[in-house]
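Beneath this line is the structure, given in structure tokens, with notes to follow.
Each chain gets a letter, A, B and so on, in the order the sequences are listed, and its residues count up from 1. Note that these values count all heavy atoms, side chains included, but never hydrogens, waters or copies made by symmetry.
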Number of protein chains: 4
Amino acid sequence: MSLPPETFLHGELFFDRETLDAVSDARLLAAMLAFEAALAEAEAAVGVIPAAAARSIRACCDTARIDRAELARRTTLAGNPAIPLVAMLTAAVRQADPEAAEFVHYGATSQDVIDSAWGLVAAGALALMQARLEGAAAALAALAERHRRTPMAGRTLLQQALPVSFGMVAANWLESVTDARAALARHTLPWLQLGGATGTLAALGGRAGAVVSRLASAPPFAVPGGEAALPWHTNRTRVMALGCDLAVAVATLGKIARDVTLLMQTEVAEVFEPSAPGKGGSSTLPHKRNPVQALAIQSAAIRAPGLAATLLQAAAQELQRGAGGWHAEWETLRALLGVAGTAAFHARALLEGLEVDAARMRANLDVTGGMLLAERVAFALAPSLGKARAKTFLEEACRSAVAEGRPLAEWLAGRAEVGDADLAALFEPATYLGIADTVIDRALERHARRPARD
Amino acid sequence: MSLPPETFLHGELFFDRETLDAVSDARLLAAMLAFEAALAEAEAAVGVIPAAAARSIRACCDTARIDRAELARRTTLAGNPAIPLVAMLTAAVRQADPEAAEFVHYGATSQDVIDSAWGLVAAGALALMQARLEGAAAALAALAERHRRTPMAGRTLLQQALPVSFGMVAANWLESVTDARAALARHTLPWLQLGGATGTLAALGGRAGAVVSRLASAPPFAVPGGEAALPWHTNRTRVMALGCDLAVAVATLGKIARDVTLLMQTEVAEVFEPSAPGKGGSSTLPHKRNPVQALAIQSAAIRAPGLAATLLQAAAQELQRGAGGWHAEWETLRALLGVAGTAAFHARALLEGLEVDAARMRANLDVTGGMLLAERVAFALAPSLGKARAKTFLEEACRSAVAEGRPLAEWLAGRAEVGDADLAALFEPATYLGIADTVIDRALERHARRPARD
Amino acid sequence: MSLPPETFLHGELFFDRETLDAVSDARLLAAMLAFEAALAEAEAAVGVIPAAAARSIRACCDTARIDRAELARRTTLAGNPAIPLVAMLTAAVRQADPEAAEFVHYGATSQDVIDSAWGLVAAGALALMQARLEGAAAALAALAERHRRTPMAGRTLLQQALPVSFGMVAANWLESVTDARAALARHTLPWLQLGGATGTLAALGGRAGAVVSRLASAPPFAVPGGEAALPWHTNRTRVMALGCDLAVAVATLGKIARDVTLLMQTEVAEVFEPSAPGKGGSSTLPHKRNPVQALAIQSAAIRAPGLAATLLQAAAQELQRGAGGWHAEWETLRALLGVAGTAAFHARALLEGLEVDAARMRANLDVTGGMLLAERVAFALAPSLGKARAKTFLEEACRSAVAEGRPLAEWLAGRAEVGDADLAALFEPATYLGIADTVIDRALERHARRPARD
Amino acid sequence: MSLPPETFLHGELFFDRETLDAVSDARLLAAMLAFEAALAEAEAAVGVIPAAAARSIRACCDTARIDRAELARRTTLAGNPAIPLVAMLTAAVRQADPEAAEFVHYGATSQDVIDSAWGLVAAGALALMQARLEGAAAALAALAERHRRTPMAGRTLLQQALPVSFGMVAANWLESVTDARAALARHTLPWLQLGGATGTLAALGGRAGAVVSRLASAPPFAVPGGEAALPWHTNRTRVMALGCDLAVAVATLGKIARDVTLLMQTEVAEVFEPSAPGKGGSSTLPHKRNPVQALAIQSAAIRAPGLAATLLQAAAQELQRGAGGWHAEWETLRALLGVAGTAAFHARALLEGLEVDAARMRANLDVTGGMLLAERVAFALAPSLGKARAKTFLEEACRSAVAEGRPLAEWLAGRAEVGDADLAALFEPATYLGIADTVIDRALERHARRPARD
């Protein structure tokens, strides 16, 4: 598949090709027709419509038969694509099998086919996204393991604080991605909607329940562990919840991307996006190593909250069918699936190729002259000096070292208060990483516990 | 407890007293001190600090000892309340037990106490909210049962469509409230945060894990089924997820409230907010029955999405501690807990006292002259006329009846096409409600399945 | 122009064809090339580059020369479309005029061409939108004039209150549209951005100012009354302000659309969307008159705030070029221009064809049995009864009339307290419209004052 | 005034005392009473009510007379504070002057007094904010002038790019603050609302216009250049526009704050928040210089967009009075005025005391070994080498210098291609600042042009 000519300018920065395809109008159209075919078959199976009619309907549920320009023209008038699509499908069926025509979309309403089609589209887009998150998680697991012993400066409020290991940083990122995957895995997609005009399915008489059950238990709507939902026309919980979990996942990736841009800064230079010919360079500024994927992810993280908020706002849908709120969901859900799927696309590539400069991490730990470890030295001197005295002594030492522009270790060397403490050992960050390994182990263990595919 | 004088103007419209109390600064202060006391005790239990120190610290962790004006003054300088609170607590402990002073907040960082305190506060506010949602759900269950046989016009896009029963409407509302309760019940509150400056707990040496476990398994942080979380300083998944579920719950209540205002319209007049002296009346317009609680809930539904979006946006927190994003969470989470808790407060009262005018519902079904049931008549005539002919006939009948300004039933009466069909029976909406009872049964069954308290 | 095949499903509900074209990638590409050509010419005019080079560059700035698939591929790697476009343009120029190649994009940076191109695109989309708003305003002005004497029930909190005229309602709508047009007219589009890598234009040496002036005063960037802006790479005020004014305009149209859906309700039925074959009907529910354009507008009103908020959030762009925030603007601005332009498209059509049922408005005034005018009767009786007594008497009358199910006028007729008051005149709503005419006159006067085109 | 005890915990981080006071319930109550007194006087002036009644009403419009707990209790029932306040005021007037009681709130509706009161409160809060922005702008003007000759690295996408001067950076910040001040100055506050129940002012008969004019031209509603607005009950343009401009101003300050936190990073260390005892320090990490005010501002910038979006969303207010949307505005506008005013409070203090380390800026320019100026050297060598050759040569030089870990200047020294070019001069950033001075001059000139007080 190639990018449609209309959306070439930004390449795959904001909409990668696979995601674009997964949420395209073509997919939605196919999903709507899949619903109509499956509905007819379910109705035939329980005896509501003739089996022959279902076969004729199925045969006509072919996207190639639908004149898209005509559909577009009539949708503008009708207010939703289901009305003209059903009319066009009915016309096609009538031509093939006049008897069957009246059984098209039998007992259903526009919202049934549209909501169900979005369920199918969301299912496809989400599966794609989950595979990417799985890849990103695997890359993070590898980084966490590989950099267990790579100390770097921890930074709070963008100021260097105590040392951490890059493996622990990766493990923390991994934890959040595992959280996001678990939250997304909770959604039982595709959704199925079937209620008729006002949710009573009155036109189906006593066999309404049987139709719903049948439709819910056959492809494409069968979901392992799913149950046949009763109509939920104006209970938009599942749409909101999916939107929120997508936005949470994007926020999670956005945090990682932001960290990457901060660690890529010229003055920090500890990690880098994977390089490639034509990627992130600047011909006039040859030293630059511009972030690209991280920016795409961060832009997604800025955009997703507004989209999720829109779904929340759209949910106050009036009585038995929303007048505007329901309609606001369609392009919003598409945009959010797109933003999220594409963020995962970039995150996977970014993390799979992340370059780590352990030497620079080590060097940056020294820019404060060892002050990151002052706390540790104070603890070490406490047995001999007493805790309060040790603390005061180190505070004075730090102030003096800063004032004199000397490394703290050098300033301390030889002072009586230090006694026979092993300053070199105390100033080694790699041995002051606390529970970093536990954090890594735990994140790896949770990661490993998840099935390969959610 | 009375409303503080500063927030009297809007009464309990936007912040009910109990919720206001649950998220007040006083509660947060108490929660921060509870954390410090519990931390000291956990550290003493595993031998990191002396047991006597923990006892002294516990004794000083008393909100009455804290000079609030002084705390406020110092917080402005420090950038968060933990720094001055720890300093003030340390000073208090020093006075009581000089040896113990150095063990206050031992190994912890500001974010540990602040995040943990918000976890405690959120736990309290959420429990309060869940009790209200439970009350609202019970009221809805009663309405669904009571109005099983109360037909009313279903309305799609604000136009009358097929009949429904008010019991089914209430059941649909109930389903969404049950969904919201289930989503909120997933959160294992209170959160516990303990990581030290950069999440390594390096200052606690080899006993860091034991301290975390101990702290997580004793009051106030012990949660049934909870596990000792490793530090999550810049993994804000749980904050975002709570915010989203609160916003979804508010949206759910907002949909109900919107329906109520629509059904209360002068021209519809089917349901009414509970009346009370001084409530919703208008002295100059004596016929008015203004919504009050429904407006408060709808205003909450308009406000919550922006707050949830803010939490999502705030989550891209830099490296080992967020520079602004973390700070943006505090007042936002408070506002969202407030908005959501208060919406539940009003929803419970609204639904417990909802007045239903079944006669008016019946009367409104007739304003279209029976056209809501044209579909049913067409089905009924199909065996004799053939389906296509029956449908065409009814369409003509509807057009003519509208043009002549006559009820459809009257227009049809005596027509040859009608034959011996029982028009009176066909135009009875109460017998054309499809799966309404199933919807009610299912909603009641799910409601009953939930434990009395989540 | 036809709708691209990728976006057929929703017809013109959410993106009308003209707006889609105005913000398409094709337009952006053309705008980027227009910038490069104009830049070269401005630089040639002030002697920074040879005139011949500018001619060669201009000749190559032809969208047909750009391989869109290749541009897409390279944009994904480069992080923005300017880097590959400049490279491709340079290659094309090199082939035609090797000397000229080094003068392509001379002294400029990616953000210069991208921001300027968005300025051109926004200018086109906004002009289109303004023409539509002008049409909507003209339609409202006609409605306001035509329905000066059409009384209807005023409704507060969705309850009938005092009478208004439909002309005044239209005038109030008109005022808000005039406000929106005025706010949008303040923006001096197209924007021009020229600053070089960090906003110093250092590569242009002493002639930098002259280049900016020249570029700002020639097509396509010349704006009447505009001034040559200095670089504004990370001062996003103009982007935010445009986004906000677009969202305000959409909210304004959304309020009108919401009113229309409320007035179209089956039980109210006072105004209707223009009808057309295939529009808004329901074959199974022949009495239905579904809103279509109003729903499209309302969905826009639900979506725009999140998009405007995203632009506000994106504005905290780091130092000399934003890392993610800038990138988040592109698709967001496109979506917002699309949502707003399309809302104006539907609003114009909706208002130009709005159907008003004055008789139904009159009939609805009577559903309260005259209680809307109780206040007026009380005022009228005050001279004889005293104000306080008159008020109390009317309150009792209303209560009793409601209780007895009689119209208020009938209940009052013959009561001693009424004396010789002309009840028929007092209960005539058309003579109790207060300043309605003034409101209409003022709105029409403001509307007329505006030039035909902003 | 001191902070109320309920909001002590966060000190003035998110709500400074003056702003808190400006938007407090006490101010709103006073504003509502000011409206009622002014209304009575305007009505008396044009003969609608007796002058004596207006005097009595004025005398009772005293906040001390209002029992706040009782007001709170009744507001909860009534749905807005105007209904009980008018009732309580009427009772007070009745006691003092029974004749006057019926003239309280004469012809007005709840929305009149509430909207007008918010206009007064917004006017006060905005004046306070503008004074702070003026202070911030003055501080920026001083920084721009003082640091005209302070070169620093320009950074795009967080990578060092061409040099800039810190004066130019401050000038760019200043421009955006000037923009924000100008936008806020456009609002003609306080708003006045007077329309009666449905906007017709029917109860005032023929003198309605005169009352409005009089009320609009006397304190507290007289605005220089303002005009007597006709009722705008459900045209919320002015509320939305104010909200948007507040959010734009906050975003502007947020960008500055973000830059400050980036420039304060341990590895950059070029500017610092003003220091003060107890501010931003860390006892365990003595080298840290934590941002405080910048974080408060950034948290405001994260919160404001959601609040502005809420005002936009709330604006679709139904027919003649909004059912929920209007109510959603109150606390949202308060929060937004608070967030914005407090951001300005911190920004002023931050900028007035900003510490600039010019030496470190100079040192950071060297971390790339001079590569920031490679472009300049290429331009300088073009006359001798030819442009293309010069460019290629420099690209090779950069690559080699990086590979060999040598400064670019050192690598170039003595190469034949360099000839007699003055490398030292070419590598001096202070002479490669392009239009930086023009940018500064322009920003200072626009700043100076503005009146001292908007």
Side-chain angles (χ1 to χ4, degrees), chain C residues 102 154-158 161-162 164 168 172 175-176 179 183 196-204 208-209 230 234-235 237 240-241 244 247-248 251-252 254-255 258-259 262 301 304-306 308-309 312-313 315-321 323 375 379 387-388 432-436 438-439 442, chain D residues 102 154-158 161-162 164 168 172 175-176 179 183 196-204 208-209 230 234-235 237 240-241 244 247-248 251-252 254-255 258-259 262 301 304-306 308-309 312-313 315-321 323 375 379 387-388 432-436 438-439 442:
Chain C
E102 67 184 285
R155 293 171 178 94
T156 60
L157 311 181
L158 295 177
L162 293 182
V164 295
M168 180 177 119
N172 281 330
E175 279 282 272
S176 67
D179 290 343
T198 58
T200 62
L201 284 173
L204 297 185
L230 292 174
T234 48
N235 170 5
T237 307
M240 289 188 278
C244 285
V248 169
T252 291
K255 181 267 187 292
R258 191 160 189 182
D259 284 356
L262 289 168
L312 291 164
Q313 201 79 55
Q317 296 182 12
E318 296 89 350
L319 301 166
Q320 279 66 53
R321 182 156 323 148
E375 170 192 278
F379 283 130
K387 278 188 178 165
Y432 199 62
L433 297 175
I435 58 171
T438 308
V439 169
R442 160 71 179 277
Chain D
E102 67 185 282
R155 292 171 180 97
T156 59
L157 312 181
L158 296 177
L162 294 182
V164 295
M168 180 177 118
N172 281 331
E175 279 282 271
S176 67
D179 289 342
T198 59
T200 61
L201 284 173
L204 298 185
L230 291 175
T234 49
N235 171 5
T237 306
M240 289 188 278
C244 285
V248 169
T252 292
K255 183 265 188 293
R258 191 158 187 184
D259 285 355
L262 289 169
L312 290 165
Q313 202 78 57
Q317 297 181 11
E318 295 90 350
L319 300 167
Q320 280 66 54
R321 182 156 324 149
E375 169 192 278
F379 283 128
K387 278 188 179 165
Y432 199 63
L433 297 175
I435 59 171
T438 308
V439 169
R442 161 74 178 276

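Top candidate by heavy-atom pairs under 4.5 Å with chain C, chosen from D/L157, D/D179, D/T198, D/T252, is D/T198. Among D/E318, D/M168, D/M240, D/Q317, the residue with the largest count of heavy-atom pairs under 4.5 Å with chain C is D/E318. Highest contact tally toward chain D, considering only C/A247, C/A203, C/C244, C/P305, is held by C/P305 [criterion: heavy-atom pairs under 4.5 Å]. Interface check for chain C: of the options D/A308, D/A202, D/S176, D/A323, the most heavy-atom pairs under 4.5 Å are formed by D/A202. Among D/V439, D/T438, D/T200, the residue with the largest count of heavy-atom pairs under 4.5 Å with chain C is D/T200.
Here the closest heavy-atom approach between residue D/L312 and residue C/A251 is recorded as O-CB, 3.8 Å.
Contacts between C/R155 and chain D at a heavy-atom distance below 4.5 Å involve backbone atoms as well as side-chain atoms. Only the backbone of D/A301 has a heavy atom closer than 4.5 Å to any heavy atom of chain C. For D/L433, the part lying near chain C is the backbone, with the side chain staying farther off; criterion is any non-hydrogen pair under 4.5 Å. Heavy atoms closer than 4.5 Å to chain C are found in the side chain of D/F379, but not in its backbone.
A distance of 8.5 Å separates CG in D/L230 from CG in C/N172, rounded to the nearest 0.5 Å. Rounded to the nearest 0.5 Å, atoms CD (C/E175) and CG (D/N235) are 7.0 Å apart. One distance of note links CZ of D/R321 with OG1 of C/T156; it measures 5.0 Å at 0.5 Å rounding. Expressed to the nearest 0.5 Å, how far CG of C/L262 lies from CG of C/L158 amounts to 6.0 Å.
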Kindly indicate, with the supporting measurements, whether the criterion side chain to side chain contact (heavy atoms under 4.5 Å, CB included) is fulfilled by C/T237 and D/V248.
CA-CA 7 Å; C/T237 307; D/V248 169; 4.2 Å; yes
